[in-house]
Amino acid sequence: MEYNLEVIDLEKRYQDFHLNHINIKLPKGKIIGFIGENGSGKTTTIKSILNLISYEGNIKIFGKNNKELTKFDREKIGVVLDDSFFSPILNVNDINNLMKKFYQTWNEKFYYETIKEFKIPCNKPLKEFSSGMKMKIKVLCALAHEPKLLILDEPTNGLDPIFRYEIIDLFNKFVSNKENSILMTTHITSDLEHLADEVIFINDGDVILDISKKKIDEEYGIIEIFLEDLKKIKKEDYLKCLKYKNTNFLLLQSREEFKKKYPQLESRKPTLEEVMLLLVKGE
Amino acid sequence: MKTIKGLLLKDLYVFKNFKGNIIFSIVMFLFLITMASMQIDVFTAGSILFLIFFGMNSISTFSYDENADSDKYLLSLPITRKEIVKSKYLFIFLNSFLSIVMGILASLIITLLIRGKVNNVADSLRICFLAFTSVSFLMCANVPCIYKWGVEKGRMQSVIIPALFIFLIGILGGCLLILFPEFYQKIDLIYLFKLSPIICLLLNIFFYSVSYWISYKIFAKKSI
């Protein structure tokens, strides 16, 4: 299998935080969702991939060490960073003029067509836009130079549900050629429900689950029960348990196995949000 | 080179944002030079004022970059740290250079129109070049501080470090004067002044090269 991105044993130590042996393998044509709460290490991982900070471990992009990438290689990477962009005094036209200088493959036609489609005014400075509008421009900048790998840090932050739907559609089209890939961090897990092929859950610098979305959909389960029913269930038959008000939520590794043991209890497919919540907060 | 042009353009767009203020200031300066020229020859003073007021504006581009955390984004594009630092120095140099050239041209035209002639053009240009070198020194001392501590935190160091340099050079000069008084007696100040363009040129090359090298070393190791 060919990978657009490989993160091998990535480690980064800060005084009060330790990113602990992160491994990511992103094949061509796939989307990986990198999920975790704020401060869990998602952005540190992205910064390491982009070589913005020093780290231990090995990161390969298009099969090459990320420290040895040529300009041509870097032109094939599209990036959205949640907290960083051009100065807010620039407008859409200024950004186009700059990007034309930075990318040989900058597709001006696509840029302006999409700007028109998004109904973004061209002469207004970025500072006058809502955060959602700014995010649209960031996403557009990441796509308009025809990259092969998208690295997106919270790309749906601040977006309304309609645009989130549109953008998810855009990302699905992006990987449909089976050559392009996306690594996307988010804490809005619902965005990944119809997008990700694989999800990696990170908590406090540790990967707590690395699993295909298909496996979650087909095998994992969740069950809501009261305390008296919980007492009947053996600890080894579920992964995590979270008590919320009077109900106990159990995360199951296999709905089928659970059904065989407890036929009277009905389980259902969990959402990614439920999996994340139970993995992080559950016992 | 295309990337450097893009980075210069990015900084130029910052200036575009306060073009109204710049135009107003230029008009005010021209007015002041015109008024002063009616009384005295302000060719040199006018040129230097232009340089000080407009030539040092380029530092503000660092603030805009810092506020938007632009460096992080730029480094995720096909842009290297070396290109970012290089473009900053190029922008600072071009801005200072254009400011002094504009100042000289404006003062020259106004002085010629009002007073009919300019006294000691060569000497005035030498003084302008000396002023340009002083501004280069200040800017070149500032930039590594900004890369090391940021615009806000580096503000104090940006003042202290050049002041410390000047103080040390003063002390050194004083010591040499005490230790080797005959050496100073031999110095021909007029000859040195005549040579000042060459000395200034060499000093400018020295300031920019050393400052660029220090800034790049700081920025190359910096976690963004």
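To find a chain, count down the sequence lines: A is the first, B the second, and so on, and within it residues start at 1.
- In this structure, B:Lys222 places its NZ atom where more than 12 heavy-atom neighbours from other residues, nucleotides or ligands lie under 6.0 Å away.
- The minimum heavy-atom distance linking A:Glu75 with B:Pro78 is given by the pair CG-CG, 3.7 Å.
- To the nearest 0.5 angstrom, B:Asp69 atom CG is 11.0 Å from A:Asp82 atom CG.
- B:Leu7 touches chain A through backbone and side chain together, each having a heavy atom under 4.5 Å away.
- Taking each heavy atom of B:Gly6 and A:Lys101 in turn, the nearest pair found is CA-CB, 3.7 Å.
- Ranked by heavy-atom pairs under 4.5 Å with chain B, the list A:Leu81, A:Asp94, A:Val79 is led by A:Asp94.
- Here A:Phe85 contributes atom CZ and B:Ser76 contributes atom OG; the two are 9.5 Å apart, rounded to the nearest 0.5 Å.
- In B:Lys148, the NZ atom is not crowded: 12 or fewer heavy atoms of neighbouring residues, nucleotides or ligands sit closer than 6.0 Å.
- Under a cut-off of 6.0 angstrom, the local environment of CD1 in B:Ile198 is sparse, with at most 12 non-hydrogen atoms contributed by other residues, nucleotides or ligands.
- The local environment of CZ in B:Phe129 is crowded, with over 12 non-hydrogen atoms from other residues, nucleotides or ligands closer than 6.0 Å.
- B:Lys82 NZ: 12 or fewer foreign heavy atoms inside a 6.0 Å radius.
- Of the possible donor and acceptor atoms, none in the side chain of A:Ser87 sits under 3.5 Å from a partner among the backbone N and O of B:Ala68.
- Of the residues considered (B:Ile79, B:Val14, B:Leu9), B:Ile79 shows the highest number of contacts with chain A, using heavy-atom pairs under 4.5 Å.
- Taking a 6.0 Å sphere around CZ of B:Phe31, one finds it holds 12 or fewer heavy atoms contributed by other residues, nucleotides or ligands.
- Atom CG in A:Leu98 sits 11.5 Å away from atom OG1 in B:Thr3 (nearest 0.5 Å).
- Put simply, CG on B:Asp65 and CZ on A:Phe86 are 10.0 Å apart, with the number rounded to the nearest 0.5 Å.
- Contacts between residues 46-54 of chain A and chain B, defined by a heavy-atom separation under 4.5 Å, are made by A:Lys47, A:Leu50, A:Asn51, A:Leu52, A:Ile53, A:Ser54.
- Interface remark: A:Lys100 contributes backbone atoms only to the contact with chain B (heavy atom separation under 4.5 Å).
- Within a 6.0 Å radius of CD in A:Glu128, more than 12 heavy atoms belonging to other residues, nucleotides or ligands are found.
- Side-chain contact check for A:Tyr103 versus B:Leu77: some heavy-atom pair is nearer than 4.5 Å.
- Atom-to-atom distance recorded for A:Ser84:OG and B:Leu74:CG is 7.5 Å, nearest 0.5 angstrom.
- Contacts with chain A were tallied for B:Arg81, B:Lys10, B:Lys72, B:Lys221; B:Lys72 has the most, counting heavy-atom pairs under 4.5 Å.
- A 6.0 Å sphere centred on CZ of B:Phe18 holds more than 12 heavy atoms belonging to other residues, nucleotides or ligands.
- Smallest separation of non-hydrogen atoms from B:Tyr73 and A:Cys141: OH-CB, 3.6 Å.
- Rounded to the nearest 0.5 angstrom, A:Asn97 CG and B:Lys5 NZ are separated by 13.5 Å.
- Within residues 2-25 of chain A, no residue has a heavy atom under 4.5 Å from a heavy atom of chain B.
- Looking at heavy atoms from C-beta onward, A:Ile89 lies out of side-chain contact with B:Lys16 at the 4.5 angstrom threshold.
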